[in-house]
Amino acid sequence: MMRRIVAPLAALVFVLGSSAAAPALPGQQLPAWLAWANANPALQHLGKTRNELSGGAVYYKVITASGLTFYFSAEPGAAGASPTLISRESSAVQNVPPSYELRRHRATAAAMARVVYGP
């Protein structure tokens with residue numbers, strides 16, 4: 001079972017290393033975000049699906065790193081935003097008991113963020 005991080009990762013600010021094609025920023029244009037994701041070793045070969053509720057696109061990847069397996073997703077056009085802007089990014093832990101609350105495990109959330117966004 002997966003538990004989502006309470007605040008979307010897009011709301012957090014992370015400093016990226018110079019090897020990234022572009023910074024990951026809230027409200028980033030889709031082509032720039034895709035260039036960043038393709039240059040990011042953790043996000044290469046993203047899948048693409050449709051949000052069942054909104055019908056919008058969702059880019060996703062199941063990532064296993066640092067002893068963690070988690071689901072990362074990015075959604076352009078979420079919450080009424082333009083479909084050409086990444087307006088939501090989130091991560092969810094996999095294979096945890098239903099009572100697991102990621103917000104109470106900040107070290108795990110930080111490790112997940114480091115895998116995607118760098119130190």
Side-chain angles (χ1 to χ4, degrees):
M1 180 166 251
M2 298 185 295
R3 296 287 178 210
R4 291 196 180 272
I5 292 177
V6 175
L9 286 177
L12 301 176
V13 177
F14 293 94
V15 177
L16 296 175
S18 61
S19 63
L25 301 170
Q28 191 169 33
Q29 292 287 330
L30 182 58
W33 186 88
L34 286 170
W36 168 77
N38 287 328
N40 183 331
L43 297 179
Q44 290 176 349
H45 309 294
L46 286 169
K48 184 178 177 184
T49 190
R50 292 260 169 229
N51 180 315
E52 293 178 9
L53 298 176
S54 71
V58 176
Y59 295 89
Y60 69 93
K61 177 129 188 219
V62 175
I63 300 170
T64 301
S66 302
L68 297 167
T69 298
F70 63 97
Y71 177 87
F72 172 84
S73 67
E75 193 170 352
S82 167
T84 63
L85 294 177
I86 295 293
S87 51
R88 180 179 302 157
E89 293 179 345
S90 63
S91 291
V93 181
Q94 293 190 298
N95 305 319
V96 294
S99 61
Y100 185 89
E101 293 184 43
L102 185 56
R103 66 187 174 91
R104 293 184 181 199
H105 299 269
R106 292 182 182 196
T108 301
M112 291 165 49
R114 274 191 303 277
V115 168
V116 173
Y117 300 105

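Throughout, residue positions are numbered sequentially from 1 according to the sequence presented.
- Residue Val116 is grouped with residue Leu30 when hydrophobic side chains (ILVMFWY) are merged at heavy-atom distances under 4.5 angstrom, including chains of intermediate members.
- In plain terms, the two heavy atoms of Pro76 and Pro83 that are nearest each other are CB-O, 3.4 Å.
- A parallel orientation is assigned to the rings of His105 and Tyr100, their planes being inclined by less than 30° (bins at 30° and 60°).
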Exercise. Check the pair Tyr59, Leu43 against side-chain contact (heavy atoms from CB on, under 4.5 Å), reporting the backbone distance first and the verdict last.
Key: CA-CA 10 Å; Tyr59 295 89; Leu43 297 179; over 6 Å; no
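- Within a 6.0 Å radius of CD in Gln44, other residues, nucleotides and ligands contribute more than 12 heavy atoms.
- Residues Met112 and Ile63 fall within the same hydrophobic cluster, defined by Ile, Leu, Val, Met, Phe, Trp and Tyr side chains chained together at heavy-atom separations under 4.5 Å.
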Quiz item: Step by step, would you call Leu68 with Val93 a side-chain contact (heavy atoms from CB on, under 4.5 Å)?
Solution: CA-CA 8 Å; Leu68 297 167; Val93 181; 5.7 Å; no
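- One finds the CD atom of Gln94 at 9.0 Å from the OH atom of Tyr71 (value rounded to the nearest 0.5 Å).
- Hydrophobic clustering (ILVMFWY, side-chain heavy atoms < 4.5 Å, transitive): Val115 and Leu46 are in one cluster.
- Proximity of Phe70 to Thr108: side-chain heavy atoms (C-beta onward) are nowhere separated by under 4.5 Å.
- In the hydrophobic cluster analysis, where Ile, Leu, Val, Met, Phe, Trp and Tyr join through side-chain heavy atoms closer than 4.5 angstrom, Leu85 is grouped apart from Trp33.
- The two residues Lys61 and Pro41 come nearest to each other via the heavy atoms NZ-O, 4.5 Å.
- Looking only at side-chain heavy atoms (C-beta outward), Ser90 and Ser73 come within less than 4.5 Å of each other.
- Annotation for Ala109 and Leu102: closest pair N-CD1, 4.0 Å, computed over non-hydrogen atoms.
- Going from atom CG of Leu34 over to atom CD of Gln28 covers 9.5 Å, rounded to the nearest 0.5 Å.
- Scanning both residues, Ala57 and Lys48, for their nearest heavy atoms gives CB-CE, 3.7 Å.
- Between the side chain of Arg114 and the main chain of Pro119, no donor-acceptor pair closer than 3.5 Å is present.
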